[in-house]
Undergrad: 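Pasting a structure here, questions to come.
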Amino acid sequence: MATFYVTTPIYYVNAAPHLGHAYTTIAADVMARHHRQRGDRVFFLTGTDEHGEPVADAAHAQGVEPQELADRNAGRFKALAPQIEATNDFFIRTTDPQHEARVQEVLTRVRENGHVYEGIYEGWYCPRCADFKADNEIEEGNRCPIHHIELTREQEENYFFRLSSFQEPLERLYAEQEDFVAPRTRFNEALSFIRSGLRDVPLTRHKLTWGVPVPWDPEHVFYVWFDALLNYYTALSYAGEEDLTAIFWPPDYHIIGKDILRFHAVYWPALLMAAGLELPRHVFVHGYLLMDGEKMSKSLGNVLDPFAVIERFGADALRFYVLREVPFGQDGSVSTASFELRYETELANELGNLASRTIGMVQRYRAGKVASVAPDAQLAADFDGLPERVAAHVDAAELTLALEEIWQRVRRLNRYVEEQAPWKLAKESGREDDLDRVLATLVEGLRAVTVLLWPYLPASAERLLAALGSSDVSFAVAALGSASIEHVSPLPSLFPKEPAAGSA
Ligand code: MSP
């Protein structure tokens with residue numbers, strides 16, 4: 001059996017979740033669901049990053065201990081997953097004792113392998129990023145390019161990770177594995193960072209106490225990024241009843257935002273090499289969801305509240321919107337206005353109407369019974385190879401392109417209704433067979449697109465398939481003509497135009 005292992009970044013618990021976090025989790029969930037449809041054994045991991053300076057600072061500012069803040073916000077992230085219909089197999093918290101023990105074990109091995117030494121670090125540091133900034137990254141006024149806050153000059157006695165010695169192995173990795181990082185612009189960005197010369201990086205922090213203690217020098221804790229990156233590896237060892245590492249390692253996809261490219265595309269593979277572990281197959285880097293032209297983030301205060309959207313329109317609509325509106329892999333703007341427009345024109349008018357018209361006509365003209373006839377050859381031709389094309393896009397994490405392939409068929413079916421005008425056929429004598437064929441084609445086309453839409457719109461797809469009496473969502477029945485519906489049942493509106501709170 002094929003396996004598929006997909007991860008999201010683990011989210012900082014210094015603030016509550018917002019749409020930016022939901023976005024990555026939704027995307028990873030679409031991939032996980034798609035692979036489950038294909039019969040793969042899937043492991044989908046998400047969780048929270050709880051150590052380090054940003055969390056410690058946020059806790060102290062609120063007058064609580066870091067663990068208390070971590071518990072509170074980890075709970076919110078954990079609750080977000082089912083609300084956006086994410087089917088993660090595990091939720092890791094970096095304060096899990098099993099994670100901490102495994103981090104100590106792996107990083108001790110990295111040291112034993114000769115990649116760690118003691119030294120002094122001095123540089124410009126952003127406490128929000130928990131990261132030192134290179135001179136060419138610093139914004140005017142000595143500010144962080146992401147958070148626009150003033151950087152602090154830090155000097156610290158640290159243990160260092162010998163990143164510089166991985167320059168050549170990393171260049172080789174990028175030469176041999178052209179799809180290690182995608183999209184291409186991100187691949188090029190990471191590669192040019194590598195080529196510009198890698199400096200060793202601090203592996204531990206001396207001044208901090210909120211972190212995983214360094215076993216060989218308990219006055220230090222591990223630098224939060226190394227602790228965090230290792231979550232992808234440690235989780236497998238304790239997420240299940242048995243150790244899943246041998247089954248799922250290495251990951252097929254790390255899905256990340258572009259803000260954390262360097263950590264995943266440079267530090268992470270180097271660290272894995274240093275530990276003697278296999279590298280992930282792909283890192284896919286999506287862009288920012290922007291509001292008013294700025295990255296949406298809690299600290300900037302420009303946040304579209306995913307919970308409010310879900311309450312009013314349902315999680316499906318949110319999942320659909322973020323993957324449809326913003327080409328996955330690029331930056332794009334989101335707004336309440338464009339959300340409502342897509343909801344109305346695409347979900348309600350195109351898919352919702354197609355479903356209600358199709359089911360309505362079968363009920364009206366055939367008392368709910370669907371004739372057992374082959375779908376119209378002309379329409380079937382427009383569905384040829386569709387599941388394969390969708391799968392190829394999802395394999396490349398091209399989630400917006402995959403959705404567009406499917407949506408073109410939703411539109412094709414709507415055109416088919418107009419072309420064939422079943423309401424006219426119903427009035428003409430001698431056209432009974434034609435009407436049977438048109439209705440059977442519509443029902444089967446609707447069923448096939450719905451199976452393909454399931455990873456994006458799981459709840460609506462399940463309701464729709466239930467009304468078609470065919471609950472199978474496996475990829476084996478994703479092609480037009482691969483199943484046959486006998487009977488349809490009434491379906492309340494899938495995407496009501498004016499959804500009442502909580503009803504969508
Ligand atoms: N804790 C680190 C990641 C460690 S992974 C080993 C971190 N956490 S975070 O809470 O800041 O989350 C960052 C991730 O959230 C981004 O990489 C991205 O996946 C998602 N996003 C947060 N804001 C976003 C937008 N405005 N737009 C798109 N994605 C965003 O960094």
Side-chain angles (χ1 to χ4, degrees), residues 6-29 45-56 58 69-70 73-74 76-77 80 84 86 92-95 99 103 126-131 144 146-147 186 211-212 222-235 251 253-269 271-272 280 283-306 318 321-323 325-335 397 399:
V6 61
T7 69
T8 74
I10 47 171
Y11 305 110
Y12 283 134
V13 289
N14 52 345
H18 62 68
L19 186 60
H21 309 116
Y23 181 47
T24 316
T25 305
I26 288 168
D29 186 62
L45 180 68
T46 187
T48 42
D49 185 354
E50 308 192 1
H51 291 130
E53 202 156 1
V55 177
L69 181 71
N73 282 327
R76 292 184 180 154
F77 279 97
L80 174 69
I84 53 179
I92 188 171
R93 297 184 55 183
T94 54
T95 50
H99 166 79
V103 165
C126 170
R128 290 260 183 76
C129 293
D131 191 19
C144 167
I146 296 171
H147 297 97
R186 301 298 164 212
V212 177
F222 286 112
Y223 176 46
V224 65
W225 269 100
F226 289 98
D227 160 8
L229 285 163
L230 279 167
N231 90 87
Y232 304 130
Y233 179 70
T234 65
Y253 266 103
H254 290 309
I255 307 296
I256 61 164
K258 68 179 188 182
D259 48 342
I260 53 179
L261 172 68
R262 199 199 316 154
F263 295 101
H264 286 80
V266 183
Y267 292 24
W268 179 224
L271 183 70
L272 288 170
V283 175
F284 188 89
V285 189
H286 65 68
Y288 287 160
L289 299 182
L290 307 168
M291 281 192 100
D292 311 321
E294 280 266 21
K295 180 191 177 194
M296 190 188 303
S297 81
K298 194 75 188 177
S299 43
L300 297 173
N302 55 346
V303 187
L304 187 76
D305 180 1
L318 180 70
Y321 172 71
V322 290
L323 291 171
E325 182 72 16
V326 179
F328 194 56
Q330 297 172 30
D331 288 349
S333 293
V334 294
S335 67
L399 303 183

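Every number for a ligand or one of its atoms is a count from 1 in the order of the listing. As the structure is a computational prediction, the values presented were derived from the model and not from experiment.
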Undergrad: I'd like to know if the side chain of T48 reaches the main chain of A74, judged simply by a donor and an acceptor atom lying under 3.5 Å from each other, with no hydrogens or angles considered.
TA: no

Undergrad: Hey, looking at atom 5 (S) of ligand 1, which of F263, Y23, Y232, Y11 has the closest heavy atom?
TA: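 Result: the heavy atom closest to atom 5 (S) of ligand 1 is in Y232.
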
Undergrad: Could you pull out all residues at least two apart from H286 that satisfy side chain to side chain donor-acceptor pair (under 3.5 Å)?
TA: T24

Undergrad: Rounded to the nearest 0.5 Å, how far does NE2 of H99 lie from OH of Y233?
TA: 13.0 Å

Undergrad: Pair Y267, F263 - check ring pair (Phe, Tyr, Trp, His ring centres under 6.0 Å), show working.
TA: CA-CA 5 Å; Y267 292 24; F263 295 101; 5.2 Å; yes

Undergrad: What part of K258, side chain, backbone, both or neither, has a heavy atom within less than 4.0 angstrom of ligand 1?
TA: neither

Undergrad: Numbering the atoms of ligand 1 from 1, which are under 4.0 Å from a heavy atom of T24?
TA: 18 (C), 19 (O), 20 (C)

Undergrad: Is the backbone N or O of A228 less than 3.5 Å from a side-chain atom of H51, with the two atoms forming a donor-acceptor pair by type?
TA: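 Not at all, since once roles are kept as given, no pair shorter than 3.5 Å links the two residues.
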
Undergrad: Could D49 and R93 be called an ion pair, given the rule that one side-chain N must be under 4.0 Å from one carboxylate O?
TA: no

Undergrad: Counting only heavy atoms closer than 4.0 Å, does ligand 1 sit against the backbone of D259, its side chain, both, or neither?
TA: side chain

Undergrad: Examine ligand 1 and decide if any of its atoms is less than 4.0 Å from a heavy atom belonging to W225.
TA: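 Under 4.0 Å: yes for W225.
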
Undergrad: Is L229 in polar range of ligand 1, meaning some N or O pair under 3.5 Å apart?
TA: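 No: no nitrogen or oxygen of L229 is under 3.5 Å from one in ligand 1.
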
Undergrad: Please work out whether the ring planes of F284 and F328 are parallel, tilted or perpendicular, with thresholds of 30° and 60°.
TA: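 Aromatic pair F284/F328 classed parallel.
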
Undergrad: Which of the numbered atoms in ligand 1 are below 4.0 angstrom from a heavy atom of A228?
TA: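 Under 4.0 Å from A228, ligand 1 has these atoms: 6 (C).
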
Undergrad: Quick one: which ligand 1 atoms are inside 4.0 Å of a heavy atom on H264?
TA: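 Within the 4.0 Å cut-off of H264, ligand 1 contributes 5 (S), 6 (C).
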
Undergrad: At the 4.0 Å heavy-atom cut-off, does G287 count as touching ligand 1?
TA: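 Judged by the 4.0 Å heavy-atom criterion, G287 does count as contacting ligand 1.
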
Undergrad: Mind checking what makes salt bridge (charged side-chain N to carboxylate O under 4.0 Å, His left out) contact with D29, not counting sequence neighbours?
TA: R33, R319

Undergrad: For ligand 1, does D49 get within less than 4.0 Å through its side chain, its backbone, both, or neither, judged by non-hydrogen atoms?
TA: side chain

Undergrad: Which ligand 1 atoms does Y288 reach within 4.0 Å, using its non-hydrogen atoms?
TA: 27 (N), 28 (C)

Undergrad: Where the closest heavy atom to atom 22 (C) of ligand 1 is concerned, which of G257, G20, G332 has it?
TA: G20

Undergrad: Please say whether N231 places an N or O atom under 3.5 Å from an N or O atom belonging to ligand 1.
TA: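 Such a contact does not occur with ligand 1.
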
Undergrad: Once the angle between the rings of Y232 and H264 is folded into 0 to 90°, is it parallel (under 30°), tilted (30 to 60°) or perpendicular (over 60°)?
TA: tilted

Undergrad: Any nitrogen or oxygen of I10, main chain or side chain, under 3.5 Å from a nitrogen or oxygen of ligand 1?
TA: yes

